[in-house]
Structure formats: structure tokens, C-alpha cells
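Worksheet for the structure shown next.
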Amino acid sequence: MTTTAIPPEAKPAPATAPKRRPRREREGAAWVFLSPWVLGATVLTLLPMAVSLYLSFTDYDLFNPPKWVGLRNYVQMFTEDPRYWRSVVTTVTYVVIAVPLQLALALAVALALKGMKRGKGFYRSAFYAPSLLGASMSIALVWRAVFNDGGTVDNLLGTGGWVNKPGFALLAVALLTVWQFGAPMVIFLAGLQQIPAELYEAAAVDGASKWRQFLSVTVPMLSPVLFFNLVLQTIQAFQVFTPAFAVSAGKGGPADSTLVYTMYLYDRGFVASHMGYASAMAWVLLVVIGIVTAVLFRTSRSWVFYASEGDR
């Protein structure tokens with residue numbers, strides 16, 4: 001048996017790995033794609049924040065050059081402005097009323113939708129619609145008409161117009177926020193659908209009632225979603241403006257009962273032209289929201305349950 005030698009020039013060349021682009025070239029391509037976001041974040045967020053921080057230490061009226069006054073705006077805010085503290089109390093009261101009611105209603109509707117076999121998509125869209133419309137000024141004006149003298153609430157309950165009563169005006173504003181429960185409802189519904197059915201079956205076998213299943217299965221398994229909604233809605237509630245502005249006709253009345261923090265900030269900055277003072281208020285609000293968020297994250301360790309923790 002004879003063998004034929006293959007000429008060296010006829011042998012297949014060994015496969016070579018494709019050349020990788022230099023690291024600097026790859027980083028350059030990444031920065032090209034990131035540049036629109038970086039430019040937008042710098043020009044529209046970071047730069048305005050830096051200017052606002054500087055203005056918070058100045059006396060600036062939008063028409064004349066700012067004059068450096070140091071901490072005077074902050075001292076005046078905390079020690080010489082009673083309306084500032086009324087706006088703080090009003091905002092905290094609003095958050096305490098609106099956020100729990102909104103989350104409770106969102107969870108209740110999500111539980112009802114979870115058990116539906118037909119029409120779930122329609123009802124989910126219908127309940128979500130107020131979240132898209134509720135932040136608009138037109139809806140807020142309609143809400144004011146509903147709770148005004150001679151409005152729907154007055155005709156049904158005979159209590160008079162809520163927007164003209166100091167004890168009810170803030171509640172009317174809070175109910176507008178509660179009505180916009182669609183976004184947290186959708187998130188709750190997604191979380192409920194991820195809970196294994198075996199957990200409910202095991203609880204039922206052990207004789208647990210529906211209420212006990214809700215407390216022992218639904219709440220712990222849904223706690224990460226509940227925590228997410230709580231943080232998100234709390235941050236948004238501290239920044240409420242449009243409902244209070246529309247219901248009170250931009251005055252925060254009656255008797256400053258709807259004078260939320262952002263409305264007073266708007267009044268100081270754009271009505272009274274004290275932009276330096278308004279900038280100081282904005283930074284205090286930012287710090288307070290950061291502290292509240294940090295507290296929520298800190299306390300979440302004692303009541304938020306993650307399924308992966310049970311496998312450790």
C-alpha cells in the first residue's frame with residue numbers, strides 16, 4: 001500500500017483567531033453611543049443642580065445678578081418663616097394619608113384581578129388609565145369641580161364643597177392621588193402572578209383561611225414589590241404639585257390647608273421672585289427625600305422577605 005505525500009503548499013493553513021479591536025478603540029465606540037445620554041444628563045440635570053446649589057446661597061430675584069448671602073436663606077427658612085413650616089406639616093400629612101390609601105387600593109384591585117378568568121386585560125387597562133390622566137391639569141380642574149360647592153360630592157353627601165373647607169381640602173387632593181392607583185396596581189399584579197400556587201395549596205391543607213393565607217403567604221412573598229411601590233410612591237408624594245395647585249386655584253387655601261411644599265417653593269421662586277430662597281427649599285427637599293428613602297431601606301431588613309434568602 002502506497003501513500004502520497006501532500007506537498008507543504010497544499011496543506012490547509014491553521015485557523016487563526018479573529019483579531020480583537022484595541023481596547024481604546026472599543027472604549028471610544030462605547031462613549032460614542034453613550035454621548036447623547038451623558039450630554040443630556042450633564043446639560044439637563046447635573047449643570048442645573050450645580051447652579052441651583054450655588055443660587056441657594058445667594059439673593060437672586062431673576063432680574064438682577066445674584067448676591068452671595070451664605071446661609072441666610074437656610075436660617076430664614078428654619079427660623080423666620082412660619083408658612084414654610086406649615087407647608088412641611090401639610091406635605092407630611094398628605095404623604096401619610098395618600099400613600100397608604102393608594103397602595104391599599106392598588107393591592108385590593110390587584111388581588112381581585114388575579115382571580116379573574118375573563119376580561120382581565122380590559123379591567124387592567126381601565127384601572128391603569130387614571131395614572132396616565134390624573135397628573136394633567138385638566139383632570140385636576142375636573143376634580144376641583146366635583147368637590148366644589150354644588151358639585152357631585154356636595155349633591156350626594158350634602159357636606160358642602162370640600163375645597164372650601166380647611167378640614168377637607170387636603171383630603172380632596174389626597175383622593176386624587178389615591179385615584180391614580182393604576183401604576184402600583186400593575187406592579188402588584190405582576191408580583192402576585194409570581195407567587196407559586198403550591199404555597200397556597202399547602203396553606204389550605206394546613207387549614208389556613210383566606211385571611212391567614214393572605215397574611216402568611218401573600219404579604220411575605222409580595223413584600224419586595226410592596227417595598228418598591230412604597231419607596232416610589234413616597235418619593236412622588238413628597239413632590240406633589242399639580243393636584244394641590246389646581247384644587248386650591250394656585251393659592252394653597254383655604255387657610256393654607258393645601259399649601260404643599262412644592263407649591264410654596266413655586267410661590268417663593270416664581271411669584272415672589274426669591275429664586276435663591278426657592279433653590280434652598282429645593283435642596284432641603286432633596287435631602288429630606290434622601291433621608292426618608294434611606295430610612296425605608298434600613299427598616300426594610302426587618303419586614304421584606306426575598307425568596308433567595310430562604311435557600312441559604
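Please read these numbers as outputs of a predicted model, since none were measured by experiment.
Using cut-offs of 30° and 60° for the angle between ring planes, the W211 and F214 rings count as parallel. Taking the six-membered ring where tryptophan is involved, the planes of F78 and W85 are tilted, since the angle between them lies from 30° to 60°. Classified by interplanar angle (parallel below 30°, tilted 30° to 60°, perpendicular above 60°), the ring pair Y84/Y261 is perpendicular.
For V240, the side chain to side chain contact (heavy atoms under 4.5 Å, CB included) test picks out Y94, P243, V260, with sequence neighbours left out.
When each of F147, W143, Y128 is tested with W179 by the rule ring pair (Phe, Tyr, Trp, His ring centres under 6.0 Å), just one qualifies, namely W143.
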Inset, instruction - Please assess Q213 against T218 for the test side-chain contact (heavy atoms from CB on, under 4.5 Å), listing each intermediate value before the final yes or no. - result: CA-CA 7 Å; Q213 292 179 30; T218 304; 5.7 Å; no
Inset, instruction - Just do the side-chain contact (heavy atoms from CB on, under 4.5 Å) check on L226 and F188 with the steps written out, would you? - result: CA-CA 7 Å; L226 178 60; F188 276 137; 3.6 Å; yes
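For residues 269-301, the ring-ring contact (aromatic ring centres under 6.0 Å, His included) pairs, not counting sequence neighbours, are F227-F297, Y266-F270. For the salt bridge (Lys or Arg N to Asp or Glu O under 4.0 Å) condition, no pair includes a residue of residues 206-230, sequence neighbours left out. The salt bridge (Lys or Arg N to Asp or Glu O under 4.0 Å) analysis of residues 247-270, with sequence neighbours excluded, yields the pairs R83-D256, R86-D256. Within the structure, side chain to side chain donor-acceptor pair (under 3.5 Å) pairs that include any residue of residues 227-238 do not occur (at least two apart or interchain).
Cluster note: V205 groups with no other residue, as no ILVMFWY side-chain heavy atom lies under 4.5 Å from it.
Put simply, the side chain of S223 gets close to the backbone of F305: a donor and an acceptor are under 3.5 Å apart.
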